[in-house]
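Structure, as structure tokens:
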There are 2 protein chains.
Amino acid sequence: MSRLNELRLVARVAQMYHIENRRQGDIAQHLNLSQATVSRMLKRASVEDIVRTTVVPPLGTFPELESKLRERFGLPEAIVVECSEDRDAAVMSRIGEAAAHFLEVTLSDGDVLGVSSWSQTIYKMVENIHPQKSASVRYVVQTLGGMGDPAVQTHATQLTAKLARLTGAEPKLLPVQGVASSKEAKLVMIDDPYVRETIGLFDRITTAVVGIGAIEPSELLARSGNFFSASELSRLAESGAVGDISLRFFDLQGTPVKTSLDERVIGLSLDELAKIDRVIALAGGKHKTAAIAGALRTKTIDVLVTDKFTAERLVTEDF
Amino acid sequence: MSRLNELRLVARVAQMYHIENRRQGDIAQHLNLSQATVSRMLKRASVEDIVRTTVVPPLGTFPELESKLRERFGLPEAIVVECSEDRDAAVMSRIGEAAAHFLEVTLSDGDVLGVSSWSQTIYKMVENIHPQKSASVRYVVQTLGGMGDPAVQTHATQLTAKLARLTGAEPKLLPVQGVASSKEAKLVMIDDPYVRETIGLFDRITTAVVGIGAIEPSELLARSGNFFSASELSRLAESGAVGDISLRFFDLQGTPVKTSLDERVIGLSLDELAKIDRVIALAGGKHKTAAIAGALRTKTIDVLVTDKFTAERLVTEDF
DNA sequence: TCTAGCGGTGTATATTTATTCATGCATGAT
DNA sequence: ATCATGCATGAATAAATATACACCGCTAGA
């Protein structure tokens, strides 16, 4: 009976607060209540569902998918982008754009940025970064050596350098091959002072941007410039590896797949990656779905940027 | 192009804030932003209409009508109550209930409450007041003498006394007739020490509850117990009076109608009323519509409690 | 009747949020 | 090129809001 009169007042208070944007103090004065009472009435208004707040997602965003991704993989943050078709070229551009914006807005003073080159998607990201006004980033650290023949290797360092320029940071390059021909060769290479310096910075990286690679031999071979041997590849397949981050492999459960390869790769390890504050992973495309699932389960990724098709597969399919 | 990515982030922030109820600080930390930026994004979210807040009025309340009343009459606050039919008895009960609740919730420590008896609606209000736990009200002051023959007069004082008891206050009664037979008689009556004391409290009243009377002769005569003369009534009509508050008359424009009656009425004047912090007026019913319109235009009323039919007329009809 | 526990309140305070301010670019006019 | 202007930012702070606390009165059970 008098509940209606209570709610009437609650609703009126809610109206003044939410619609007329009055301060609780004003409202309290207007109605001869204490500010505390107004605050409590407003709480009651939400409990009683008298105020309803909806967030209208802009078209082309997929909060639903993002939320499912976060939930399914215990992922802190996901960004799912629109793209018209499920083809790699289109997908990469969109992911790159979104990642670029996110990174820009989100970089903070004194950051040390790690980039695992070479990835087409990361390239697209760097392409979309606007020159930063205030040089907040200290270093941009290359976290993986170059790939393929030495001429092509420069791609990796160029990418790092470009990102450093855009962010006003000092580049810290890794002017060596990502995969040494042998364990011994690696030891030699990492003896170079520049290389040592860069590697020494790995544990000061605050934000790392990484790609996620698939294990399909063709893709991997293309990326690695045939540096892996046939037996190594088959061993990988046997151990259930589904993908890699900076040539560090893992299976569908996210368990690292240790092989002799690790001793030849010059770059960030998964353990080192796990210690980094913020790891932003960029990947999309049909053939990468399983690789991404595994990557997410390594629990090293803080933000995944992907496309809506891949996201849909990730939350729908069984792995 | 990048606007979408901006809005995506804004929407995500809005979601975390409004749906997941996270603090701005958390969100800032989660996304590597400053709390100030999060606050600004949330503001942008409302501007861009990404968050929408609606207040769902409980059934049986009429925020729309209340708002129109406030607007049309420059009324600080209006309460419009549901009632099934436009008949006085029903209307009065509902108004009384709502007023009772409002008053209860809204009384504050040390208040001095004025009641202009006699009004059926105010009676209904008092009937619905729950005994107050903490005796916050200091005095309940009767602001108009009784009406009709001395036996009936006690109604007025009883009402005041009852309200005082319910609110835990000390009653300050006006144990005289509301309308003296002559100016001289009034002077004699207000010489009584009790009467003087009560009248002396008029300017300390913090909240007054008043009824609004219509001028239809039959009604007025009934109320006044035939204390007004025929000539007085006709003079009132001639001067355009449409209603009264505590037997102080005004026309449709809210202009006080001064007559010789004023000298005979023992009670609060309109000027005194205007000085009171909070004046709560209770009135409803078809024949009171014009009276209420006039009363609202006197600018002495802070809260009007009325019924939906009367409210509808007040905001619709021309006066 | 007495007492424990449950709301509900206002005051004082802690917490959270908005804004002010100083700064660092960009942009565009002169 | 130089300067005014505008815009965005974070740090500091002001403002607003939520909560802890103490208190009161009621209810229900002993």
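Here is how names work: the chains are called A, B, and so on, in the same order as the sequence lines, proteins then strands, and each is numbered from 1.
- If you take CZ of A:R3 and P of C:dG7, they are 15 Å apart, rounded to a whole angstrom.
- Here the P atom of nucleotide C:dA26 and the CD atom of A:E104 are 12 Å apart, to the nearest Å.
- Whole-Å rounding puts the A:H101 NE2 to D:dA8 C1' distance at 13 Å.
- Around atom NZ of A:K299, more than 12 heavy atoms belonging to other residues, nucleotides or ligands sit under 6.0 Å away.
- For D:dT17, neither phosphate oxygen OP1 nor OP2 lies less than 4.0 angstrom from any side-chain nitrogen or oxygen of A:K43.
- To the nearest angstrom, P of D:dA18 lies 15 Å from CG of A:L33.
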Would you tabulate the nitrogen or oxygen pairs shorter than 3.5 Å linking the protein to nucleotides 11-16 of chain C?
residue: C:dT16; atom: O3'; partner: B:R23; partner atom: NH1; Å: 3.0

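- Going from atom CG of B:L42 over to atom P of D:dT17 covers 15 Å, rounded to whole Å.
- Atom CZ of A:F62 has more than 12 neighbouring heavy atoms from other residues, nucleotides or ligands inside a 6.0 Å radius.
- Between A:D26 atom CG and D:dA15 atom C1' there is a gap of 12 Å when expressed in whole angstrom units.
- Mapping A:R22 and B:P131 onto DNA chain D by nearest heavy atom places A:R22 closer to the 5' end of the strand.
- If you take CG of A:N21 and P of C:dT17, they are 17 Å apart, rounded to a whole angstrom.
- Within 6.0 Å of the CZ atom in A:R278, the count of heavy atoms belonging to other residues, nucleotides or ligands exceeds 12.
- Taking CG of B:L173 as the start and CD of B:E197 as the end, the distance is 10.0 Å to the nearest 0.5 Å.
- Per the geometry, CD belonging to B:Q29 stands 16 Å off C1' belonging to D:dG10, to the nearest Å.
- Nearer the 5' end of DNA chain C, as judged by each residue's closest nucleotide, is the contact made by B:L107, out of B:G25 and B:L107.
- The environment of A:Q29 atom CD is sparse: at most 12 non-hydrogen atoms of other residues, nucleotides or ligands sit within 6.0 angstrom.
- When atom types are taken as modelled, the side chain of B:T53 and the backbone of A:H18 share no donor-acceptor pair closer than 3.5 angstrom.
- In the displayed structure, A:E71 atom CD is contacted under 6.0 Å by at most 12 heavy atoms of other residues, nucleotides or ligands.
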